[in-house]
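I have placed the structure first, in the form of structure tokens, so that the comments after it can refer back to it.
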Amino acid sequence: MTIKIFNTISKKKEIFQSTQPNSVTMYVCGPTVYSHPHIGNARAALVPDVLFRLLKSKYQNVLYIRNITDVDDKISEAAFKQNKTVYEISNKFIKIYQDNMASLNILEPTLQPKVTDNMLNIIGTIEKILMNGFAYVSDNHVLFDTNKYKNYGELSKRTLDEMIDGARIDIADYKKSPRDFILWKPSDRNQPGWESPWGMGRPGWHIECTSMIKNIIGDDNTLDIHGGGNDLIFPHHENEIAQGSCMSSSKYCNFWFHNGIVLVNKKKMSKSLGNVILLDDLLGQNTPNSIRLALLSAHYRQPLNWSDSTLIESSNLIKKFSILAKSYTGDINSYNNLEEEMISILSDDLNTPEAIKYLSELAKSAKKNQRDLAALIKSADFIGLNLLVSTPHTKNIIDEDLVRSMINERVKARVAGDFKKADKIRDKLLSMGILIKDLEGETVWDYNPDN
RNA sequence: GGCUAAGUGGCAGAGUGGUCAUGCAGCGGCCUGCAAAGCCGUCAACGCCGGUUCGAUUCCGACCUUAGCCUCCA
């Protein structure tokens, strides 16, 4: 069965084909580690995670690389403000990032290279570009010469003239052309710096990705899939293609894969608008499953407008699935190919809303059909939703014995016909975050997902 | 201003040249001491104007609106 994915460079849904028959190489731009990860970082990791799971179901070897940018002026700035070293900042946020992603059941990539571990490779890559005549040294900087690379703009579909006309920035005087971008720049004493043929300095923003990719897959090999947020198409990925195509003769990458951004109140999150939603906050009040489902509720290429109701809806749905899943008593392994339909849905450009619809339909038929119930559990699991293990919210720590004794008291009151008292106890439980249901012969309880 | 996307029912959000999205909410019913949950049924949409077509929400063009990018950004 084939996988179709939308390729940004052709602007079409294409049948995915890897360069090697049983292997896939995928690179996704990871975080710059200078602050707490937000919901947008989560989407940017979660979308490739679903693709990774899908690819793994069809290919023997999937090499999934997600880098860690631990050299960046934003990190230096954070270090300066907090009176800490650059490494203290980056190590702290690497740890938080990885913990947050693990909480969301996002699988670890095969490799997570760091910029600081690749400085010699980066310098080597820049030397190759210089040697091939696509870069120049000016005032201790090394710059990519965009006028030398004739396909510049092929990803973002803009011409150099358009970019120059639309430019809102002042042109640095060491640049030959306003669109030329930095491969290497000098560092002063307060900035992290490395020895290079061009003096103490540090790499520009784009070169790290190109260098790490080529270092891992080999200069003359083509990457199968390169992913990242929509907002990275220009200039970051455009510049990567330019560099990567000019350091060796091989094509840089076959499939470009971009996820839409998360909007809050219909606007992109930004510190100035004060609408940044941090994962730490979200994870304190919601189950990983509901956050995950909420992030998958829109197609990955669409913008996702985040609101309270997004989470409420997804947590209701997850609760419905989980209750059903827990009623399953059979052996899941007695059925074959339970995930087949889910795989086929995702194979069409990762259509997660369609996948959720499928789960809803399974939930409906699962009441009468054990196989569908098993399929619900397995299919949800395929997209990383574990229905069998419920994770209570961290703030919802409850004395279960107390809950049971309150329920018993209410049962007694109901038997005695004292419904006033029974309702009072029910209200009290609700205020504690406990939802009860009177089923035939017994009363069951669960955490209230809205709480 | 330039570039790139998108505009679907009360909300979220897929999809399709001619029959159902789905979820939440609403409405009617079953169930219940009453609820909650569940179940059954039900209402409702394709920004605007043209064009192509026997037929368009779906294809084409203009217009309007929104978002993103053009500066760090996932």
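To find a chain, count down the sequence lines: A is the first, B the second, and so on, and within it residues start at 1.
With B/rG23, B/rC69, B/rC34 as the candidates, the nucleotide lying closest to the side chain of A/R410 is B/rC34. Among the nucleotides B/rA74, B/rC72, B/rA21, the one closest to any side-chain atom of A/L232 is B/rA74. With distances taken from any side-chain atom of A/R158 to the nucleotides B/rG68, B/rC69, B/rG13, the minimum falls on B/rC69. Taking only side-chain atoms of A/E313, from C-beta outward, the nucleotide of B/rG68, B/rC24, B/rG33 with the closest atom is B/rC24. You'll find that the side chain of A/K157 is closest to B/rU4, out of B/rG33, B/rU4, B/rA74. The A/N351 side chain lies nearest to B/rG15 when the options are B/rG15, B/rA74, B/rG23. The side chain of A/D438 lies closest to B/rC34, out of B/rC69, B/rC40, B/rC34. Among the nucleotides B/rC70, B/rA14, B/rC24, the one closest to any side-chain atom of A/K320 is B/rC24.
One N or O donor and one acceptor, one from the side chain of A/D423 and one from the base of B/rG33, sit under 3.5 Å apart. Remark: the A/R426 side chain and the B/rC34 base include a donor-acceptor N/O pair separated by less than 3.5 Å. No N or O donor and acceptor, one from the side chain of A/D231 and one from the base of B/rC72, sit under 3.5 Å apart.
Residue A/K11 places at least one side-chain N or O under 4.0 Å from the OP1 or OP2 atom of B/rA5.
A/T146 and A/D180 share a donor-acceptor pair across their side chains, judged by distance under 3.5 Å alone. Side-chain N/O atoms of A/Y300 and A/N351 include no donor and acceptor closer than 3.5 Å. For the residue pair A/Y64 and A/D49, no side-chain donor N or O sits within less than 3.5 Å of a side-chain acceptor on the partner. Counting only N and O atoms by type, the side chains of A/E238 and A/S156 include a donor and acceptor under 3.5 Å apart.
Using cut-offs of 30° and 60° on the angle between ring planes, the pair A/H258 and A/W256 is parallel. Using cut-offs of 30° and 60° on the angle between ring planes, the pair A/F181 and A/F144 is parallel.
As judged by a 4.0 angstrom heavy-atom cut-off over every strand, A/S156 is placed among residues touching the sugar-phosphate backbone only. No engagement by A/R43 is indicated, since no non-hydrogen atom pair under 4.0 Å with the nucleic acid exists. Looking at heavy-atom distances under 4.0 Å, A/F234 makes contact with sugar-phosphate atoms alone, never a base. In this structure, A/S297 reaches the sugar-phosphate backbone alone: every heavy-atom distance under 4.0 Å involves primed, P, OP1 or OP2 atoms, never a base. When heavy atoms are screened at a 4.0 angstrom cut-off, A/V262 is found touching base atoms of the nucleic acid. Using a 4.0 Å heavy-atom distance criterion, A/T32 is classed as a sugar-phosphate-only contact. Across all strands, A/R414 comes closer than 4.0 Å to base atoms (heavy-atom distances). Within the nucleic acid shown, A/K268 comes within 4.0 Å of at least one base atom, counting heavy atoms only.
Taking atom P in both B/rG26 and B/rC11, the straight-line distance is 15 Å, to the nearest Å. A gap of 15 Å separates the C1' atoms of B/rU65 and B/rU8, to the nearest Å. Taking atom P in both B/rC46 and B/rC20, one finds a spacing of 14 Å when rounded to whole Å. Rounded to a whole angstrom, the distance from the C1' atom of B/rC48 to that of B/rC63 is 7 Å. Between the C1' atoms of B/rG47 and B/rU53, the separation comes to 23 Å (whole Å).
Geometric assessment of A/R66 against the ring of A/Y27 yields a negative cation-pi assignment under the 6.0 Å and 45° thresholds.
Rounded to whole Å, the distance from CD1 on A/I261 to C1' on B/rC72 is 14 Å. Rounded to whole Å, the distance from CD1 on A/I182 to C1' on B/rU71 is 13 Å. When rounded to the nearest whole Å, the span between CE of A/M432 and P of B/rA36 equals 21 Å. The NE2-P distance, from A/H299 to B/rU8, rounds to 17 Å in whole Å. B/rC24 atom C1' lies 13 Å from atom CD1 of A/I356, rounded to whole Å. When rounded to the nearest whole Å, the span between CZ of A/F6 and C1' of B/rG15 equals 17 Å. Whole-Å rounding puts the A/N259 CG to B/rA67 P distance at 20 Å. Rounded to whole Å, the distance from CD on A/E240 to P on B/rA74 is 14 Å.
Where A/A422 and A/P303 each meet RNA chain B at their nearest nucleotide, the meeting point lying more 5' is that of A/P303. With the nearest nucleotide of RNA chain B identified for both A/S360 and A/L263, A/S360 has the one nearer the 5' end.
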Audit row: A/K81, A/E77, salt bridge (charged side-chain N to carboxylate O under 4.0 Å, His left out) steps and yes/no: CA-CA 6 Å; A/K81 277 186 186 157; A/E77 199 180 310; 3.4 Å; yes
